[in-house]
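Take a look at the structure below.
Predicted, not measured: the structure shown is a model, and the values here were computed from it. We count residues from 1, following the sequence as given.
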Amino acid sequence: MKGSFKLGKIANIGIFVHWTFSLLILFIVYINYRSGQNATQIVWSVVFVLSVFITVVLHELGHALAAKRYHIITKDITLLPIGGLARLEKIPEKPIEELIVAVAGLLSTSLWHLLPDFSSPFPILQNN
């Protein structure tokens, strides 16, 4: 996608972020600043938004890896302010395969709920 910058590769799939994603980060910083948050609180807000987009990457990887099972190449994954986009070379031909590819994104995101104590690296998220 034009205007995207490469972050890296996972499972031989390029991960990109669109330049408009920076507008989301700037908006988060601006809103927090206007509401009187200090620098530490602003940084935590940005970290939170970025962590949400980690789950978006996992969601899109779920689609991509399920498609790979049916020999469908994923061109790339692009992060946008409104979510992610996995560009598949083609749509699966069989309806059941298409359903599996569609549901794989949801399942890969749901796996986060099975991880024990996900909040431990983020002290601000822990209940004391």
Side-chain angles (χ1 to χ4, degrees):
M1 181 178 284
K2 286 187 177 184
S4 296
F5 304 96
K6 189 170 188 174
L7 296 176
K9 272 188 167 184
I10 299 176
N12 210 27
I13 301 166
I15 310 294
F16 293 83
V17 62
H18 196 264
W19 72 269
T20 56
F21 192 83
S22 62
L23 297 177
L24 173 64
I25 300 301
L26 289 172
F27 178 73
I28 298 299
V29 170
Y30 174 75
I31 291 299
N32 279 275
Y33 176 77
R34 292 275 300 175
S35 67
Q37 304 295 323
N38 64 37
T40 302
Q41 292 166 324
I42 293 171
V43 168
W44 276 111
S45 293
V46 170
V47 167
F48 174 74
V49 170
L50 293 176
S51 67
V52 168
F53 275 89
I54 289 171
T55 64
V56 172
V57 170
L58 292 175
H59 176 90
E60 297 303 330
L61 276 172
H63 294 305
L65 295 176
K68 189 175 190 175
R69 180 175 179 212
Y70 301 112
H71 308 289
I72 298 170
I73 296 170
T74 302
K75 296 178 181 180
D76 56 44
I77 293 173
T78 303
L79 294 176
L80 302 160
I82 58 170
L85 174 68
R87 292 190 322 138
L88 303 180
E89 190 175 64
K90 63 181 182 174
I91 301 295
E93 293 179 13
K94 297 178 183 174
I96 188 69
E97 292 175 357
E98 187 173 355
L99 177 65
I100 290 169
V101 170
V103 171
L106 174 65
L107 291 177
S108 64
T109 306
S110 299
L111 291 177
W112 277 99
H113 299 289
L114 301 176
L115 293 177
D117 201 17
F118 171 68
S119 65
S120 62
F122 302 104
I124 198 167
L125 299 177
Q126 294 177 352
N127 294 330
N128 293 325

Q: Starting at NZ of Lys6, measure out to CD1 of Ile15 and round the result to the nearest 0.5 Å.
A: 9.5 Å
Q. Considering residues, nucleotides and ligands other than Leu99, do more than 12 of their heavy atoms fall under 6.0 Å from its CG?
A. yes
Q) Taking C-beta and beyond as the side chain, do Phe21 and Leu50 meet within less than 4.5 Å on heavy atoms? A) yes
Q: With side chain to side chain contact (heavy atoms under 4.5 Å, CB included) as the test, would you mind laying out the steps for Ile31 and Phe27 before giving the verdict?
A: CA-CA 6 Å; Ile31 291 299; Phe27 178 73; 3.4 Å; yes
Q: Is it possible for you to say whether Ile28 and Tyr33 belong to one hydrophobic cluster, with membership spreading through side-chain heavy-atom contacts below 4.5 Å?
A: yes
Q: Group every Ile, Leu, Val, Met, Phe, Trp and Tyr by side-chain heavy-atom contacts under 4.5 Å, then state whether Leu26 and Leu80 land in the same group.
A: no
**Q.** Any donor-acceptor pair under 3.5 Å from Ser108 side chain to Leu58 backbone
**A.** yes
Q: Could you pull out all residues at least two apart from Asn12 that satisfy side-chain hydrogen bond (donor to acceptor under 3.5 Å, both in side chains)?
A: Lys9
Q. Taking all non-hydrogen atoms of both residues, which atom of Thr109 and which atom of Thr55 are closest, and how far apart?
A. OG1-O, 4.0 Å
Q: Mind running side chain to side chain contact (heavy atoms under 4.5 Å, CB included) on Val17 and Phe53 for me, showing each step along the way?
A: CA-CA 10 Å; Val17 62; Phe53 275 89; over 6 Å; no
Q. Which pair of heavy atoms, one from Gly84 and one from Val56, lies closest together, and at what distance?
A. N-CG1, 3.4 Å
(Q) For the CD1 atom of Ile54 and the CG atom of Leu79, what is their distance to the nearest 0.5 Å? (A) 10.0 Å
Q: Taking the side chain as every heavy atom from C-beta outward, state whether Val47 and Val43 have any atom pair closer than 4.5 Å.
A: yes
Q) According to a 4.5 Å side-chain heavy-atom criterion applied to Ile, Leu, Val, Met, Phe, Trp and Tyr, with indirect links allowed, do Phe16 and Leu61 form part of one hydrophobic cluster? A) no
**Q.** Euclidean distance, Ile100 CD1 relative to His63 NE2, rounded to 0.5 Å
**A.** 13.5 Å
Q: Of all the heavy-atom pairs spanning Phe5 and Gly3, show the shortest one and how long it is.
A: CE1-O, 4.0 Å
Q. Passes side chain to side chain contact (heavy atoms under 4.5 Å, CB included), Ile77 versus Leu85? Steps please.
A. CA-CA 5 Å; Ile77 293 173; Leu85 174 68; over 6 Å; no
Q: Could you please spell out the steps behind the side chain to side chain contact (heavy atoms under 4.5 Å, CB included) verdict for Leu65 and Thr74?
A: CA-CA 8 Å; Leu65 295 176; Thr74 302; over 6 Å; no
(Q) So does Val57 get a backbone contact from the side chain of Glu60, meaning a donor-acceptor N/O pair under 3.5 Å? (A) no
Q.
Between Ile73 and Val101, is there shared hydrophobic-cluster membership here, with clusters defined by ILVMFWY side-chain heavy atoms closer than 4.5 Å?
A. no
Q.
Using the rule that Ile, Leu, Val, Met, Phe, Trp and Tyr join whenever any side-chain heavy atoms are under 4.5 Å apart, tell me whether Ile96 and Leu88 fall into a single cluster.
A. yes
Q) Looking only at atom types and distance, does a side-chain atom of His18 sit under 3.5 Å from a main-chain N or O of Lys2, one as donor and one as acceptor? A) yes
Q: Using the salt bridge (Lys or Arg N to Asp or Glu O under 4.0 Å) rule, collect all pairs that involve residues 86-106, keeping only residues at least two apart or in two chains.
A: Asp76-Arg87
Q.
Once salt bridge (charged side-chain N to carboxylate O under 4.0 Å, His left out) is applied, do any residues pair with Arg69, and if so which ones, sequence neighbours excluded?
A. none
